[in-house]
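Single-structure report; data block below.
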Number of protein chains: 2
Amino acid sequence: MSTHRRSSGLAESQDRLIAAWGQMGSTWGISRTMAEVHALLYITGQALCTDDVMARLSISRGNASMSLRALVDWGVVQREHRRGDRKEYFVATSDVWVMLQSILRERMKREIHPVLANLCEIRDESGAIIEPRGRGAGAGPIDDEEAVEEHHRRLDDLIALVRVIDEMGTKLLALDPQLMKQTAMALAGGFGGGADDSPSRGAGRGS
Amino acid sequence: MSTHRRSSGLAESQDRLIAAWGQMGSTWGISRTMAEVHALLYITGQALCTDDVMARLSISRGNASMSLRALVDWGVVQREHRRGDRKEYFVATSDVWVMLQSILRERMKREIHPVLANLCEIRDESGAIIEPRGRGAGAGPIDDEEAVEEHHRRLDDLIALVRVIDEMGTKLLALDPQLMKQTAMALAGGFGGGADDSPSRGAGRGS
DNA sequence: GGGCTTTTTCAATAGATTCTGAAAACATGC
DNA sequence: GCATGTTTTCAGAATCTATTGAAAAAGCCC
């Protein structure tokens with residue numbers, strides 16, 4: 001087998017993971033680069049400084065700085081200082097379940113909470129909707145009254161949905177990461193099925 | 001008809017919801033317009049044709065057509081034909097839990113499955129990583145062997161995580177929407193708490 | 001403080017996404 | 001088939017986002 005440029009074995013595999021993670025990130029709201037930096041730190045498992053990241057991913061200093069800071073804000077990467085070295089180093093959280101909680105926390109904060117607040121505000125203010133000049137004023141069809149009721153019903157349904165999602169997330173975040181893992185695996189395994197730890201080393205899923 | 005002023009009550013509330021939903025959509029991978037079209041169809045509860053959508057949201061025909069088609073693809077909007085009318089009308093799924101399942105299904109397909117397949121492929125191929133010229137060949141530090149092991153460990157952890165998420169999603173999708181609702185509410189209510197149906201009509205959450 | 005190193009910021013630019021509008025394709029009824 | 005009304009497509013324009021690179025700020029040590 002073509003082992004001739006095999007020193008790239010590890011690095012190449014890392015690059016592929018970085019690319020995959022980056023692509024996934026960009027499908028979400030996260031910038032591709034930020035996800036790539038995270039993947040790099042996670043998969044190497046080492047503490048890297050800004051220059052390491054710049055060099056490995058071929059990105060500018062500004063970009064590296066921004067991405068690293070954002071990752072620290074998200075809580076999936078920690079700063080690390082070294083005695084006798086002025087540089088700052090960065091390490092990714094190695095426990096994927098802790099990582100998942102950080103991501104969940106941040107996404108809830110950015111995506112769910114604002115929407116829920118918005119929806120509630122809209123409903124509160126829409127409570128004041130009154131049909132034009134009451135019923136029976138002649139011109140307007142009574143249709144409007146129905147429409148307003150339906151509007152409220154649908155608004156309420158939407159709020160109930162988002163709220164349940166919010167509460168579920170909050171519950172999960174309150175859990176210890178290990179317990180969350182157990183819970184997730186129980187759900188994945190069929191609501192009460194055995195929670196197995198081993199990730200089944202076999203072949204991957206087809207597609 | 002005296003529609004000129006009071007139309008601001010209901011329509012304004014609708015507009016606000018549309019804006020909120022659109023913003024949320026753009027935080028995810030969904031285009032803002034597509035989310036707005038969906039919000040419009042959902043909140044009005046009516047079957048609208050392309051021209052209605054164009055007029056109400058002030059968007060071009062092409063944009064409306066694309067967005068509507070995408071929503072139909074996602075399964076959150078259905079086409080509707082009317083006898084004696086050549087136009088096509090569109091209605092949003094009114095059950096929010098059915099809607100949630102459609103969204104979940106589509107997001108799994110687009111975001112989770114490809115990543116999982118990718119990760120598995122990477123692992124399968126990275127199984128072949130051998131350190132340069134075996135151990136003990138002098139030059140290379142044995143460090144490399146450790147690095148490769150760590151690499152595999154981390155890759156496996158990541159795969160296990162994504163796989164659990166995938167399986168959880170699959171399980172939820174297999175459920176009847178109403179049962180999924182029950183499940184979600186049970187989780188939200190504290191893992192075994194009572195599942196109450198009423199969405200508590202009171203004031204909203206603060207922030 | 002002054003010299004040195006590293007990090008952060010930000011205006012300009014490169015790049016990607018979304019939207020438009022008009023033309024092509026598609027139906028439907030006559 | 002033709003006439004009419006509707007939907008889809010897509011190249012180019014408009015818009016939004018990410019990235020760079022260099023200047024400013026922040027540390028650190030003597």
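Just so you know, these numbers come straight off a predicted model, no measurement behind them. Here is how names work: the chains are called A, B, and so on, in the same order as the sequence lines, proteins then strands, and each is numbered from 1.
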Partner set under side-chain hydrogen bond (donor to acceptor under 3.5 Å, both in side chains) for [X], not counting sequence neighbours:
X	result
B:Arg16	A:Glu125
A:Lys87	none
B:Asn118	none
B:Ser126	B:His152

Subject >> Spacing of B:His38 atom NE2 and B:Ile43 atom CD1 [to the nearest 0.5 Å] >> reply: 10.5 Å
Original post:
Between CD1 of A:Ile159 and SG of A:Cys120, what distance do you get to the nearest 0.5 Å?
Top reply: 4.5 Å
Original post:
Between atom CG in A:Leu71 and atom P in C:dT8, what is the gap in whole Å?
Top reply: 13 Å
Residue pair [X] / [Y]: nearest heavy atoms and the distance that separates them:
X	Y	result
B:Arg56	B:Ala11	NH2-O, 3.4 Å
B:Ile30	B:Ala35	CG2-N, 4.1 Å
A:Ala92	A:Val77	CA-CG2, 4.1 Å
B:Leu104	B:Gly169	CD2-O, 4.3 Å

Original post:
Mapping B:Asp85 and A:Met66 to their closest nucleotides on DNA chain D, which lands nearer the 5' end?
Top reply: B:Asp85
**OP:** Walking along DNA chain D from 5' to 3', note the first and the last nucleotide with an atom under 4.0 Å from a heavy atom of chain B, and give both.
**Re:**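 Using the under 4.0 Å cut-off, the span is D:dT4 to D:dC10.
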Would you tabulate the pairs of protein nitrogen or oxygen atoms and nucleotide nitrogen or oxygen atoms of nucleotides 15-18 of chain C closer than 3.5 angstrom?
none

Original post:
Of A:Glu88 and B:Gly62, whose closest DNA chain C nucleotide lies nearer the 5' terminus?
Top reply: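 Here A:Glu88 is the residue nearer the 5' end.
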Subject >> Residues B:Lys171, B:Glu167: salt bridge by 4.0 Å N-O rule >> reply: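 Answer for the salt bridge query: no.
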Original post:
What pairs of residues pass the side chain to side chain donor-acceptor pair (under 3.5 Å) test when at least one of them lies in residues 91-105 of chain A, not counting sequence neighbours?
Top reply: A:Gln78-A:Thr93
Subject >> Residue of the set B:Leu48, B:Val53, B:Asn63 for which side chain to side chain contact (heavy atoms under 4.5 Å, CB included) holds with B:Val37 >> reply: B:Val53
Original post:
Contacts to DNA chain D from residues 49-59 of chain A, heavy-atom cutoff under 4.0 Å, which residues?
Top reply: A:Ser58, A:Ile59
**OP:** Output every pair passing salt bridge (Lys or Arg N to Asp or Glu O under 4.0 Å) with a member in residues 61-82 of chain A, not counting sequence neighbours, ordered by first then second residue.
**Re:**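 Listed once each, the pairs are A:Asp51-A:Arg61, A:Arg79-A:Glu88.
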Subject >> salt bridge (Lys or Arg N to Asp or Glu O under 4.0 Å) partners of residues 22-41 of chain B, not counting sequence neighbours, each pair once >> reply: B:Arg32-B:Glu36
**OP:** Estimate the overall bend of the helix from C:dG1-D:dC30 to C:dC30-D:dG1 from the end axes over five pairs each, rounded to 10 degrees.
**Re:** 30°
Atom pairs under 3.5 Å: protein N/O with N/O of nucleotides 23-30 of chain C:
| from | atom 1 | to | atom 2 | distance (Å) |
| --- | --- | --- | --- | --- |
| C:dT28 | O2 | B:Arg86 | NH2 | 3.1 |

